[in-house]
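Counting starts at 1 for both ligands and their atoms, in listed order.
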Amino acid sequence: MADILQEMASSLYGGEQEEVARMVQGALDQGMSAAEILSNGLIAGMDQVGRDFKAGDLFVPEVLVAARAMSVGMDVLRPLLATGDVSSAGKCVIGTVKGDLHDIGKNLVKMMLEGAGFETVDLGTDVGPVDFVEAVRKHQPNIVGLSALLTTTMVNMKTTIEALEEAGLREGLKIMVGGAPVTGAFAEKTGADAYAPDAATAVDVARDLQEA
Ligand code: B1M
């Protein structure tokens, strides 16, 4: 039984979309639960991708290809996940802050979070503080993720966090920031709870925030 999950993880790592979809269906047909397939097949494969990306053994294109295979596998599982067979690892509203149109890194973070079982709500790019406030009211996430790639827009992380505070939404909400110009020291000044330098670390940080 476990063999198919190992093969699934390794096909996902290689970005083999059709193989992953076929194996997910095969595992379901064998009677495995969606939770087992998600945790021990898809997420296990994506965790390995994250570890190797962090170690510098994989690069952005390979991670994107693996994330797409994850997404194809998730498509097969989604109807079962929606019925409540699997509980989400947490919910994250994510976006690139106001004035900033860069979204490749943010998308990668989003895909890695999804790969780790998080539910995500992607607000896209150039997202103003008011839009984050509205999204938090509407979607009630545990985590808000802010991305910025420009030194001129990273300051909007602070204004977004202030807007969440002013709206009375900050309590119990964890905020993670990241993006090329962002540092741990800058993150502290914004009032964020955590900083992640890359997409793989973002998953570890999100898991830690969930447990905090
Ligand atoms: Co722009 N750009 N760009 N650009 N661009 C940079 C960022 C720049 C460093 C290039 C340079 O000058 N060397 C520079 C910023 C300089 C600065 O601020 N100090 C720059 C500039 C100046 C600009 C414009 C102003 C150029 C102009 O028009 N004169 C303009 C601004 C537009 C705007 O946003 N308002 C602009 C436009 C663009 C394009 C539209 C052409 C395009 C974006 C396309 C897109 O994203 N859809 C673009 C690109 C592609 C880049 C570079 C080349 C690549 C960025 C990227 O995607 N990296 C970039 C130079 C560079 O970085 N080499 C550059 C790959 C990506 C995977 O990495 O986004 O860092 P990154 O994400 C990482 C981590 O940072 C982290 O995890 C990711 C994966 O490991 N991370 C998070 C990111 N978000 C996170 C959130 C988290 C946690 C971790 O928690 C929530």
ask   = Just checking, any donor-acceptor pair under 3.5 angstrom between side chains of Arg22 and Gln25?
value =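 No - no donor-acceptor pair under 3.5 Å links their side chains.
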message = Checking Asp122 against Lys106 for the salt bridge (charged side-chain N to carboxylate O under 4.0 Å, His left out) test, could you report, in this order, the C-alpha distance in whole Å, the side-chain angles of both residues, the deciding distance, and whether it holds?
response = CA-CA 9 Å; Asp122 185 0; Lys106 182 265 296 167; 2.9 Å; yes
For the side chain of [X] and the backbone of [Y], is there at least one donor-acceptor N/O pair under 3.5 Å apart?
{"X": "Ser11", "Y": "Glu7", "result": "yes"}
{"X": "Thr153", "Y": "Ala148", "result": "no"}
{"X": "Thr190", "Y": "Ala187", "result": "yes"}
{"X": "Asp126", "Y": "Gly99", "result": "yes"}
{"X": "Lys91", "Y": "His139", "result": "yes"}
{"X": "Glu62", "Y": "Phe59", "result": "yes"}
{"X": "Asn142", "Y": "Gly90", "result": "no"}

Closest protein heavy atom (residue, atom, distance) for [atom]:
{"atom": "atom 73 (C) of ligand 1", "answer": "Gly105 CA, 4.2 Å"}
{"atom": "atom 46 (O) of ligand 1", "answer": "Asp103 N, 2.7 Å"}
{"atom": "atom 75 (O) of ligand 1", "answer": "Ala180 N, 3.1 Å"}
{"atom": "atom 44 (C) of ligand 1", "answer": "Ile104 CD1, 4.3 Å"}
{"atom": "atom 89 (C) of ligand 1", "answer": "Ala196 O, 3.2 Å"}
{"atom": "atom 84 (N) of ligand 1", "answer": "Ser147 OG, 2.7 Å"}
{"atom": "atom 81 (N) of ligand 1", "answer": "Gly179 N, 3.5 Å"}
{"atom": "atom 19 (N) of ligand 1", "answer": "Thr151 OG1, 3.4 Å"}

key: Pair Arg170 + Asp193, salt bridge at N-O below 4.0 Å   =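 Answer for the salt bridge query: yes.
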key: CE on Met23 to CE on Met32, rounded to 0.5 Å   =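 Those atoms lie 11.5 Å apart.
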ask   = Is the shortest distance from atom 36 (C) of ligand 1 to a protein heavy atom below 4.0 Å?
value =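 Yes, because at least one protein heavy atom sits under 4.0 Å from atom 36 (C) of ligand 1.
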query = Hey, is ligand 1 close enough to Ala202 that some N/O pair sits below 3.5 Å?
reply =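 No, since none of the N or O atoms of Ala202 sits under 3.5 Å from an N or O of ligand 1.
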query = Can an N or O of Thr152 be found at a distance shorter than 3.5 Å from an N or O of ligand 1?
reply =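 Among all N and O atoms of Thr152, none is under 3.5 Å from an N or O of ligand 1.
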Option of least heavy-atom distance to atom 74 (C) of ligand 1 (set: Ala194, Pro197, Gly95, Ala199) =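 It is Pro197 that holds the nearest heavy atom.
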message = For distances below 2.8 Å, what is the count of protein N, O or S atoms around atom 1 (Co) of ligand 1?
response =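 For atom 1 (Co) of ligand 1, protein nitrogen, oxygen or sulfur atoms under 2.8 Å: 1.
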At the 4.0 Å heavy-atom cut-off, does [X] count as touching ligand 1?
{"X": "Ala148", "value": "no"}
{"X": "Gly99", "value": "yes"}
{"X": "Tyr195", "value": "no"}

message = Looking at Glu188, I want to see if its CD is surrounded by more than 12 non-hydrogen atoms of other residues, nucleotides or ligands under 6.0 Å.
response =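 Not buried by this count: 12 neighbours or fewer within 6.0 Å.
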